[in-house]
Amino acid sequence: MSKRIVKAIRIALGMLRQEMGSAKMIMGYLLGLTFLALGANDFLRYAMETGEPVNICEPFIVAANQGMACRFWVLGYLLVIGDAPFVKGNAYMVLYRSGRRVWNMGMLLYVFLQALLYTICLATVSVAASTPFGFPGELWSSPVYMLATVASNAIAEKYHIYFDGVAMMEYMTVFQAFGITFLYMLCYFVFLGVLLYLCNLTLGSFWGLAAVSVAHLGGVMLSFAGSLHPSPAYYVDSTGSHWRYPCRMLIFILIMTIVSLVAVKRADIQKR
């Protein structure tokens, strides 16, 4: 493994240790869990009234595929990484020892690690909260089947939940659906995180927030128009169309990463 890669990993892990337990990070995670609880509570209330058990992975899948997840769960993540590009007290010493490009890669890796940990936290808490009401395994439950099919309109009106997951239930097991939903969330968080970092690094904190707001709200409007959805339930079919969204996100992330490698050489890195 290259020495530069090792240094970048150490920088990212050092930043993670530095931020762990900070008030900003705790508040961000709590905000995300609050929005998770609002969505999962409606689903579990519906499941309890049906009298049928649900798969413990289903609350996360259903909540995330409603579209509301990416619109509100992302707020907690942005609070966690809101002070990008993370110029702390020891930043200049790290810059001197590692160089700007290695430091830049370390910060990008930190953005990814936070996105991964944040998504893991949401998924884990969702599974843990639903354990008393359900069962593990690969099978879909009767309540979710009813939610996705014949009784969907009545259920949506009463419990304020919906799940356009008929194709997902046909072509995927619960574990597969959980995994692809997790991947969609992770890709979206990383995309917004790298965008925020790049704009803050090159233009300043105002422009980073503005760029993320435009990207996020633009995605919301496109989802309302039916042109773009940040959840896999709308893309699953027998041809593997659900992989297109993660691939597009990966391309955007790689492009921004390359731009950051050039921009960091001229960026005015100051304490924020």
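Predicted, not measured: the structure shown is a model, and the values here were computed from it.
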Please check if any side-chain donor atom of Glu58 sits under 3.5 Å from a side-chain acceptor atom of Ser130, or the reverse.
no
Tell me whether Leu183 is reachable from Val127 by hopping between hydrophobic residues (I, L, V, M, F, W, Y) whose side-chain heavy atoms are closer than 4.5 Å.
yes
Side-chain heavy atoms of Met27 within contact of Leu79, under 4.5 Å:
yes
Return yes if some donor-acceptor pair links the side-chain N/O of Ser126 with the main-chain N/O of Leu122 below 3.5 Å, else return no.
no
Hydrophobic cluster membership, with links at side-chain heavy-atom distances under 4.5 Å among I/L/V/M/F/W/Y: are Val74 and Leu116 in one?
yes
Quick check against the 3.5 Å criterion: does Gln114 have a side-chain atom that pairs as donor or acceptor with the backbone of Val111?
no
When hydrophobic residues are tied together by side-chain contacts of less than 4.5 Å, even through go-betweens, does Val214 share a cluster with Met249?
no
Measuring from atom OG1 of Thr50 to atom CZ of Arg45, what distance do you get when rounded to the nearest 0.5 angstrom?
12.0 Å
Non-neighbouring partners of Phe43 that pass ring pair (Phe, Tyr, Trp, His ring centres under 6.0 Å), sequence neighbours left out:
none
Got a second to check how far Leu75's CG is from Leu31's CG, nearest 0.5 Å?
6.0 Å
Taking side chain as C-beta onward, heavy atoms only, is Phe135 less than 4.5 Å from Ile56?
no
Are the side chain of Glu19 and the backbone N or O of Met25 linked by a donor-acceptor pair below 3.5 Å?
no
Under 4.5 Å between side-chain heavy atoms, hopping through other hydrophobics if needed: is there a path connecting Val166 to Met168?
no
Expected output: side-chain Tyr46 to main-chain Pro143 donor-acceptor under 3.5 Å
yes
Given Tyr77, which partner from the list Tyr29, Tyr188, Phe189 fulfils the side-chain contact (heavy atoms from CB on, under 4.5 Å) test?
Phe189
Say whether, by atom type as modelled, one donor and one acceptor occur between the side chain of Ser22 and the main chain of Gln18 under 3.5 angstrom.
no
Contacts of Phe35 meeting ring pair (Phe, Tyr, Trp, His ring centres under 6.0 Å) (sequence neighbours excluded), chain-then-number -> Phe72
For the residue pair Gly32 and Tyr118, what are the closest heavy atoms and their distance?
CA-OH, 3.0 Å
Nearest 0.5 Å please: distance from the CG atom of Asn41 over to the CG atom of Leu36.
10.5 Å
Closest heavy-atom pair and its distance - Thr34, Leu30:
OG1-O, 2.7 Å
Within the distance-only criterion (no hydrogens, no angle test), does the side chain of Thr124 pair as donor or acceptor with the backbone N or O of Cys121 below 3.5 angstrom?
no
Using distance only, find each side-chain donor-acceptor pair of residues 250-258 under 3.5 Å and give its atom names and separation, not counting sequence neighbours.
from   : atom 1 : to     : atom 2 : distance (Å)
Thr257 : OG1    : Ile253 : O      : 2.8

Close side-chain approach of Tyr110 and Leu13, heavy atoms under 4.5 Å:
no
Taking the side chain as C-beta and beyond, is there a heavy-atom pair between Trp140 and Tyr145 under 4.5 Å?
no
To the nearest 0.5 angstrom, please state how far the CZ atom of Arg10 sits from the CZ atom of Arg17.
10.0 Å
Measure across Val54 and Ala47 and return the closest heavy-atom pair with its distance rounded to 0.1 Å.
CG1-CB, 3.5 Å
Does the Ser241 side chain pair with the main chain of Asp237, one donor and one acceptor, at a distance under 3.5 Å?
no
Heavy-atom side-chain contact between Phe163 and Asn65 under 4.5 Å
yes
Candidate list Leu109, Val102, Leu108, test side-chain contact (heavy atoms from CB on, under 4.5 Å), partner Met105, passing option
Leu108
Where do Val212 and Leu196 come nearest, in terms of heavy atoms and distance?
CG2-CB, 3.6 Å
Closest heavy-atom pair and its distance - Pro53, Ser141:
O-CB, 3.4 Å
Classify the ring geometry between Tyr235 and Tyr245 as parallel (under 30°), tilted (30 to 60°) or perpendicular (over 60°).
parallel
Is the side chain of Trp73 donor-acceptor paired with the backbone N or O of Ala64 at a distance under 3.5 Å, no angle test?
no
Just wondering, do Ile26 and Met20 contact through their side chains at under 4.5 Å, heavy atoms?
no
Of all the heavy-atom pairs spanning Val174 and Gly137, show the shortest one and how long it is.
CB-O, 4.0 Å
Just so I know, are the side chains of Val194 and Phe112 near enough to count as touching, which here means a heavy-atom distance under 4.5 Å?
no
Step-by-step side chain to side chain contact (heavy atoms under 4.5 Å, CB included) determination, His242 to Tyr184
CA-CA 9 Å; His242 51 278; Tyr184 269 55; 3.8 Å; yes
Tell me whether Val62 is reachable from Leu38 by hopping between hydrophobic residues (I, L, V, M, F, W, Y) whose side-chain heavy atoms are closer than 4.5 Å.
yes
Using only atom types and a distance under 3.5 Å, with no angle test, would you say the side chain of Asn55 pairs donor to acceptor with the backbone of Leu139?
yes
Mind checking whether Ile81 and Tyr197 have side chains closer than 4.5 Å, heavy atoms only?
no
Side-chain H-bond candidate by donor/acceptor type, Asn104 with Ser260, under 3.5 Å
yes
For the atom pair CZ (Phe182) and CD1 (Ile61), what is the distance rounded to the nearest 0.5 Å?
12.5 Å
